[in-house]
There are 2 protein chains.
Amino acid sequence: MSGQKKKTTIYDIAKELNITVSTVSRALSGFPAISDTTRQAVIETAKRLNYSPNKLASALKSGQTHIIGVIVPSLQAHFFASIIHSIEKGLKGSGYRVILYQSNESLISEINGVKTLLEAQVDGIMASLSLETDNVDHFSEVIKQNKPLILFDRVHEKLDVPKVILDDFKAGYTATQHLIDQGYKNIAYLTTIHQIPIFSERLKGYKAALADNDLPLNEENIIFGGLSIKDGRFGVGKLMRLEHKPDAIIAADDFTALGAIKKLKEIDQVPPKIGVIGFANEAFSAYITPTLSTIDQHPNQMGTECVKLFLDMIKDKSAHNTSTVIIEPSLMERQSTLS
Amino acid sequence: MSGQKKKTTIYDIAKELNITVSTVSRALSGFPAISDTTRQAVIETAKRLNYSPNKLASALKSGQTHIIGVIVPSLQAHFFASIIHSIEKGLKGSGYRVILYQSNESLISEINGVKTLLEAQVDGIMASLSLETDNVDHFSEVIKQNKPLILFDRVHEKLDVPKVILDDFKAGYTATQHLIDQGYKNIAYLTTIHQIPIFSERLKGYKAALADNDLPLNEENIIFGGLSIKDGRFGVGKLMRLEHKPDAIIAADDFTALGAIKKLKEIDQVPPKIGVIGFANEAFSAYITPTLSTIDQHPNQMGTECVKLFLDMIKDKSAHNTSTVIIEPSLMERQSTLS
DNA sequence: TTGAAAGCGCTAACAT
DNA sequence: ATGTTAGCGCTTTCAA
């Protein structure tokens, strides 16, 4: 049974044509100093023998896999799925491929991801950190191996590498100013307990906007919890028990905002009666009722910039690139804040 | 400059301990006939020298990469993101990893994907076909190489391999029967022009349910177009121009259903006035207004079954496994059909 | 323009 | 329990 034919290698092609493997290798890889006849013969024979190159062998020898490892917290968030999409699109034609790793918002899993990708000999890594990531030592090996490392969206100051981020301060400021412009005066804020920059920057923007508009900052209005539909409901529950109830709510992501809206509808405070705005412009945000105002984070632009940075770094390995690309957030005005 | 230290290999460890690489290799891979002292020394030295195995070399030698290639049409659909998630979860602890490839619903891209994955020497492939895929010759090489190939959701009859699918006939039947039970009598159907089984099976289910309930089948009611929000709006537009307007609409996926709902709202026929039901239970379906009735396709169960099949096939390569796992669809009754 | 040969890092049969 | 050695399939230097 079985008798599984061995796969065709360049040796088979060489033997078939009475030439050596080096010639075959050159012909196949577009080496210039090869006669046209030889090249044609090789290509024709390769096709005839159904040859498929073993990239493993080639990578082992050349030290380049042409694979980029990308680590994201989760594919379930449309935002990250979009970034991946634009990274792949941007890489088209460059010869580089992506291999994905989901950390599932877990630090341990992220550490494992870096290890796995490094063992797979990726040529570089792009990563967006998990919510749990407070320490980034696991990335130092990437830098030590002199492989391009690029951080996007969820970054860490301790890592001196190129980054692509949103202007999160501005995002928070814009959301807050928008609510104020709509006439809301007592604005609450639902965010995560995790100390990661994008969220604390947004919060800073919120505080700055309040101050710039001479509105008091009420610490009770800031709820530190999780980010999810459930947490949104829970947060609203907490806020509604306050003596001085807020008239608008900023949620640190759209899922939390969605939960907030659902709860508000139940207690008959349907937005924009109480205003709600989120972050990320998730897939559902334009379709719920009321439609959800939010801050678009331009994932496609982020992906494109990551690719640009990566290709630059590959081209000039020596240049210690630590540029930070900052993407401008956009306000999406929808029904949930239109008072 | 640079002076980039070369990476530690098992040779470095061997030299350090005055033993040979084979001993090191054995110690590291858990080979039994190794003295405890040696093993300890090797492990300790490996850690000290910051050794990281080169899986490429190991894979080249052993012929096994322990990587599975997974091809999906798109990560933007929550359904596929969920399947990926459960595949990764199911693989945990098995030593296998996933590398992802998005076909973006393009046949050419899918062909390329198979080629790329094969060149990367994956140990097997799991795939869900693109809408354009009417010919599956590009998978024959996978079979020829005797590598496990598993199809899920979007399958093809010409491929005699294990499959994990939804009972799509039943899904279509259930959706239709549900509408009939709710009192709808003239049910339209928005689907894709692409001839792929899941959609034609659903349509068959629809026709069967009509017949079983002695309702006439009106061919005008079946619109063949694309699947997207835009197509949903467009489909409704077409239907509303019919002499005998339908009182309910089945859309072949939730995105199309969403488009239909948006259009219906604009023309003041808000569901459930005209009933709407979709397929896939996408992330937004429970949150739009009205909430969208749909058929849940149990992506997590699908992923789990794919993993089971794969591990079975790896265990027993000789057994020609062609079992088809059929997942039962579940009706999600929501507001859009509650008359 | 082509060939010969070394070697990327690892595994595993065969020896001892 | 450990050592020796021959590759896995490919690239690339050096030589012709």
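Each chain gets a letter, A, B and so on, in the order its sequence line appears, and its residues count up from 1. Basis for what follows: all heavy atoms, side chains included, without hydrogens, waters or symmetry-related copies.
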task: Please evaluate the base of dG7(C) for a donor-acceptor partner in the side chain of K61(A) within a cut-off of under 3.5 Å?
output: yes

Candidate nucleotides dT1(C), dC10(C), dC10(D), ranked by approach to the side chain of A33(A) - the nearest: dT1(C)

message: Expressed as a whole number of angstroms, how long is the span from K7(A):NZ to dC8(D):P?
response: 14 Å

- request: Provide, to the nearest angstrom, the distance between the CD atom belonging to Q64(A) and the C1' atom belonging to dC8(C).
  value: 13 Å

message: From CD of Q121(A) over to C1' of dG9(C), roughly how many Å is that when rounded to an integer?
response: 9 Å

- prompt: Out of dG9(C), dC10(C), dT2(C), which has the shortest distance to the side chain of R26(A)?
  reply: dT2(C)

- prompt: Does any N or O donor sit under 3.5 Å from an N or O acceptor when you compare the side chain of S22(B) with the base of dT4(D)?
  reply: yes

query: CG of L28(B) versus P of dT11(C): gap in Å, rounded?
result: 8 Å

- prompt: Distance check: side-chain N/O of Y11(A) vs OP1/OP2 of dG7(D), anything under 4.0 Å?
  reply: no

query: How would you label the contact of T38(B) with the nucleic acid (heavy atoms, under 4.0 Å): base, sugar-phosphate, or nothing?
result: sugar-phosphate

query: When you measure from the side chain of R39(B) to the backbone N and O of F31(B), does any donor-acceptor pair fall under 3.5 Å?
result: yes

I13(A) CD1 to dC10(D) P, straight-line distance once rounded to whole Å: 8 Å

message: With a 4.0 Å limit, can you tell me whether S35(A) has a side-chain N or O closer than that to the phosphate oxygens OP1/OP2 of dT2(C)?
response: yes

message: Does dG3(D) have its OP1 or OP2 closer than 4.0 Å to a side-chain nitrogen or oxygen of T20(B)?
response: yes

task: Check the distance between dA4(C)'s P and I10(A)'s CD1 and give it to me in whole angstrom.
output: 14 Å

- prompt: Does T23(A) make a side-chain N or O approach to OP1 or OP2 of dG3(C) shorter than 4.0 Å?
  reply: yes

query: Sub-3.5 Å donor-acceptor pair from the side chain of E88(B) to the main-chain atoms of V98(B), do we have one?
result: no

field: R154(A) side chain to S128(A) backbone, donor-acceptor under 3.5 Å
entry: no

field: Lys/Arg N to Asp/Glu carboxylate O, K308(A) vs E305(A), below 4.0 Å
entry: yes

Atom-pair distance (CZ on F31(A); P on dG3(C)), nearest Å: 13 Å

query: Would the number of heavy atoms belonging to other residues, nucleotides or ligands and lying under 6.0 Å from NZ of K147(B) be above 12?
result: yes

query: What nucleic acid atoms does I19(B) come within less than 4.0 Å of, heavy atoms only: base, sugar-phosphate, or nothing?
result: sugar-phosphate

- request: Have a look at S25(A) and say if it touches a base, only the backbone sugar-phosphate, or nothing, with a 4.0 Å heavy-atom cut-off.
  value: base

- request: Using atom CG of L60(B) as one end and atom C1' of dC10(D) as the other, report the distance to the nearest whole Å.
  value: 8 Å

- prompt: Is there a donor and acceptor pair, one atom on the side chain of R39(B) and one on the base of dT2(D), closer than 3.5 Å?
  reply: no

